[in-house]
Amino acid sequence: MALTLRCLRCTRSFPLTLDAYLCSDCGGGGGADDAGILDVEYPPEAYKELRRRVEAGCGRADVFRWEPLLPVGGAGALTLRAGGTPLVAAPRLAAMTGVGDLLLKNETRNPTASLKDRATAVAVAIGAQLGYTDFYCASAGNAAISLAGFCANLGLGCHVFVPARTPEARLTALRAFGADLTVHPGDYDEAFAESERVGQENGWYSRNCAYNPLLVEGKKTAAFEIAEQLEWDVPDVVVAPVGDGCTLGAIGKGFRQLVDAGLTARVPRLVGVQVPAYDSVVRRFHGDTGSTAPGGDTRAVSIAVRRPRNVRRVLAEVSASGGTVVRADEGAVHEARQTLALRAGVDCEFTSAATLAAVIEHSDELDVRGKRVVLVLTGGRVDGS
Ligand SMILES: *Cc1c(COP(=O)(O)O)cnc(C)c1O
Ligand SMILES: [Zn+2]
C-alpha cells in the first residue's frame with residue numbers, strides 16, 4: 001500500500017518513507033512553531049481493510065489493532081502494550097454538571113500511565129524496523145517517561161530533555177527507567193530545541209511527536225477506541241487538554257478517518273482545553289496570531305507549552321468539527337482533580353482534570369447540557385497536590 005505525506009503548511013505531497021521528518025520545502029520556514037509538519041495519508045484500500053478487520057473482529061486490543069491505518073505494523077511488537085484503555089461512565093459527574101451522559105476515556109491505564117504510550121509504541125516499532133538503537137525526545141515528563149519505559153523493556157538507549165520545572169515525581173520515574181536525563185534550565189520550548197539539536201547530531205530516532213509525522217498516527221487510536229466502545233455511535237463532544245496540539249489533532253483525525261471508513265456517521269465536536277499561563281492555541285483560535293502565552297507556574301505541567309508546534313493541525317481539526325478551544329482556570333483545575341477522584345473514583349493528573357474544569361466553567365458556551373460527552377483523561381502521573 002502506497003502511503004503519502006502531505007505538508008500541513010504548503011500542502012505539498014511526498015511518498016511516505018519511514019525516516020520522514022519535516023517538510024523539506026518548508027524546512028522550518030514558518031519558524032519553530034510552523035516548521036512544515038507532515039501528515040500521513042492512506043489510500044482507499046487501507047480504509048476498506050480496516051473496516052473488513054473490524055467487522056471480522058480482530059484479535060489485538062492495543063494500538064496495533066488498527067494496523068491498516070498505521071504507518072507501521074505491530075508484528076512481533078509484544079513489548080509494553082499501549083492502548084486498549086477503558087471508557088467508563090461517571091453518572092455522579094453527569095448529574096453534577098447537567099451533562100446527559102459523561103464518559104471518561106481513562107488513559108492513565110496505559111503502561112506508563114499516559115496517552116503518550118500510544119505514540120511511543122509506534123516510534124519504537126518504526127525505530128526497530130530501521131535499526132535504531134537510541135531514541136530521544138523533549139518532554140514535560142510523560143513523553144519522556146513513556147519512551148524510557150519502552151526503551152527499558154527493549155534494552156534501547158533513551159535520551160530525554162525535560163524543562164527545569166519538571167516535578168520531582170517525574171524525574172524519579174525517569175531515573176527508575178534508566179533514562180539518560182538532561183534537565184534543561186529553560187522551559188519546555190527550550191528543552192525541545194535542545195533535544196532536536198542533540199538528537200539529530202547523534203543520529204538518534206526522534207520520539208518528538210510534534211515533529212515526527214508518524215507518531216500522531218499512534219495517538220489517533222484513542223478516537224478509534226472511543227468509537228468502538230460506543231458501538232460506532234460517536235459522542236456529541238470530546239474534550240482533551242492541549243499542549244503542542246498533537247493529541248487533540250490526532251483524535252480529530254481518528255474520528256474523521258472512521259467516517260471515511262464508513263464505520264461512523266459523523267465527527268464529534270472537539271473541545272481543546274488550556275490554562276491561562278499557556279493559552280497560545282486559544283489565542284490563535286480567536287485570530288490572535290501575534291502573541292504567545294505568558295508562561296509561568298501551572299499545575300497542568302503536561303500542557304505547559306508556549307509555542308505549540310501542531311497548532312495548525314489542532315485548529316484545523318477543531319474547526320472542522322465545529323468545536324472550540326477554551327481556558328480552564330487554575331483553581332478550577334485543582335478542584336476538578338479532587339472532584340474526579342471523589343465523584344468518579346478516578347485519580348488523574350491536573351492536566352487531565354482541566355477537561356472537567358472546562359466543562360463546569362464553560363458549560364453554556366460548550367453546549368453540553370443533556371449531551372453525551374467524553375473527557376479524555378490523558379495521564380495519571382501524581383505530582384503532589
Ligand atoms: C502531552 C500531554 C497532553 C497534551 O498533548 P499535546 O499533544 O502536547 O497537545 C495532555 N495531557 C497529558 C497528560 C499529556 O502528557
Ligand atoms: Zn511544506
Side-chain angles (χ1 to χ4, degrees), residues 5-14 20-30 33-39 105-110 112-120 137-147 162 166-167 170 173 188-189 192 207-213 215-216 218-220 222 239-253 270 272-275 278 280-282 298-315 317-318 325 328 333 337 348-355 375-383:
L5 287 165
R6 183 183 294 277
C7 176
L8 295 175
R9 181 166 177 268
C10 74
T11 75
R12 206 190 129 185
S13 270
F14 307 83
Y21 210 50
L22 294 170
C23 171
S24 53
D25 275 12
C26 291
D33 48 354
D34 197 4
I37 310 291
L38 300 172
D39 182 54
K105 181 61 172 165
N106 191 354
E107 291 295 305
T108 77
R109 297 277 296 274
N110 274 295
T112 76
S114 84
L115 185 145
K116 296 293 195 289
D117 288 334
R118 294 179 185 271
T120 305
C137 76
S139 168
N142 285 332
I145 292 165
S146 175
L147 182 61
V162 301
T166 308
R170 296 182 182 217
Y188 168 78
D189 299 274
F192 187 94
R207 193 240 161 267
N208 277 336
C209 189
Y211 275 4
N212 186 333
L215 308 190
V216 155
K219 288 189 172 184
K220 79 187 178 192
V239 190
V242 175
D244 265 321
C246 314
T247 301
L248 188 61
I251 288 171
K253 178 175 186 180
L270 304 178
V273 184
Q274 299 202 294
V275 286
Y278 296 92
S280 297
V281 179
V282 180
T298 178
R299 288 193 179 88
V301 291
S302 300
I303 47 172
V305 178
R306 290 187 63 220
R307 299 184 175 279
R309 286 148 198 86
N310 270 40
V311 63
R312 200 183 273 279
R313 178 192 299 280
V314 70
L315 289 184
E317 297 292 352
V318 165
V325 191
V333 168
R337 177 165 172 247
C348 66
E349 63 175 87
F350 291 112
T351 298
S352 305
T355 56
L375 308 184
V376 185
L377 302 185
T378 45
R381 187 93 25 220
V382 178
D383 300 310

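Below, all heavy atoms of this structure are taken into account, side chains as well, without hydrogens, waters or symmetry copies. Residue numbers count from 1 along this sequence. Order of listing sets the numbers, starting from 1, for every ligand and every atom in it.
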Quiz item: Does a salt bridge link E317 with K220, judged by any charged N lying under 4.0 Å from a carboxylate O?
Solution: no
Quiz item: Does the distance from a Lys or Arg side-chain N to an Asp or Glu carboxylate O, for R12 and D25, drop under 4.0 Å?
Solution: yes
Quiz item: Should K219 be counted as touching ligand 1, given the test is an N or O pair under 3.5 Å?
Solution: yes
Quiz item: Taking heavy atoms and a distance under 4.0 Å, where does T247 meet ligand 1: side chain, backbone, both or neither?
Solution: both
Self-check item: Check: T112 main-chain N/O paired with N110 side-chain donor or acceptor under 3.5 Å
Solution: no
Practice problem: For the residue pair S352 and V376, establish whether any side-chain heavy-atom pair is separated by less than 4.5 Å. | Solution: no
Exercise. Answer side chain, backbone, both or neither: which part of V314 comes under 4.0 Å from ligand 1, heavy atoms only.
Key: neither
Exercise. Report yes or no: does S114 have a heavy atom closer than 4.0 Å to ligand 1?
Key: no
Quiz item: Less than 3.5 Å between some nitrogen or oxygen of I303 and one of ligand 1, yes or no?
Solution: no
Quiz prompt | For C246, the ligand 1 atoms whose distance to one of its heavy atoms is below 4.0 Å | solution = 6 (P), 7 (O), 9 (O)
Quiz item: Under 4.0 Å between a Lys/Arg side-chain N and an Asp/Glu carboxylate O for R109 and D117?
Solution: no
Quiz item: Which angle, to 10 degrees, forms at the Zn ion (ligand 2) with SG of C7 on one side and SG of C10 on the other?
Solution: 100°
Quiz item: Taking N or O atoms only and a 3.5 Å limit, does E349 qualify as a polar contact for ligand 1?
Solution: no
Quiz item: R337 side chain to E349 main-chain N or O, any donor-acceptor pair under 3.5 Å?
Solution: no
Exercise. Answer yes or no: does an N/O atom from V242 fall short of 3.5 Å to an N/O atom of ligand 1?
Key: no
Exercise. Return yes if a side-chain donor-acceptor contact under 3.5 Å exists between R307 and S280, otherwise no.
Key: no
Self-check item: Exam field: side chain R6 to backbone S13, donor-acceptor pair closer than 3.5 Å
Solution: no
Exercise. Run down the list R381, Q274, E107, K116 and name the one with the heavy atom closest to atom 15 (O) of ligand 1.
Key: K116
Quiz item: Does the N or O separation between G379 and ligand 1 drop below 3.5 Å for any pair?
Solution: no
Exercise. Taking T378 for its side chain and L115 for its backbone only, find out whether a donor-acceptor pair lies under 3.5 Å.
Key: no
Exercise. With heavy atoms under 4.0 Å as the rule, classify the contact between T378 and ligand 1 as side chain, backbone, both or neither.
Key: both
Quiz item: Which of the numbered atoms in ligand 1 are below 4.0 angstrom from a heavy atom of N142?
Solution: 13 (C), 14 (C), 15 (O)
Quiz item: Between N208 (side chain) and A138 (backbone), is there a donor-acceptor pair under 3.5 Å?
Solution: yes
Quiz prompt | Contact (N/O only, under 3.5 Å) between D244 and ligand 1 | solution = yes
Exercise. Mark up the atoms of ligand 1 that fall under 4.0 Å of a heavy atom belonging to G243, in ascending order.
Key: 4 (C), 6 (P), 8 (O), 9 (O)
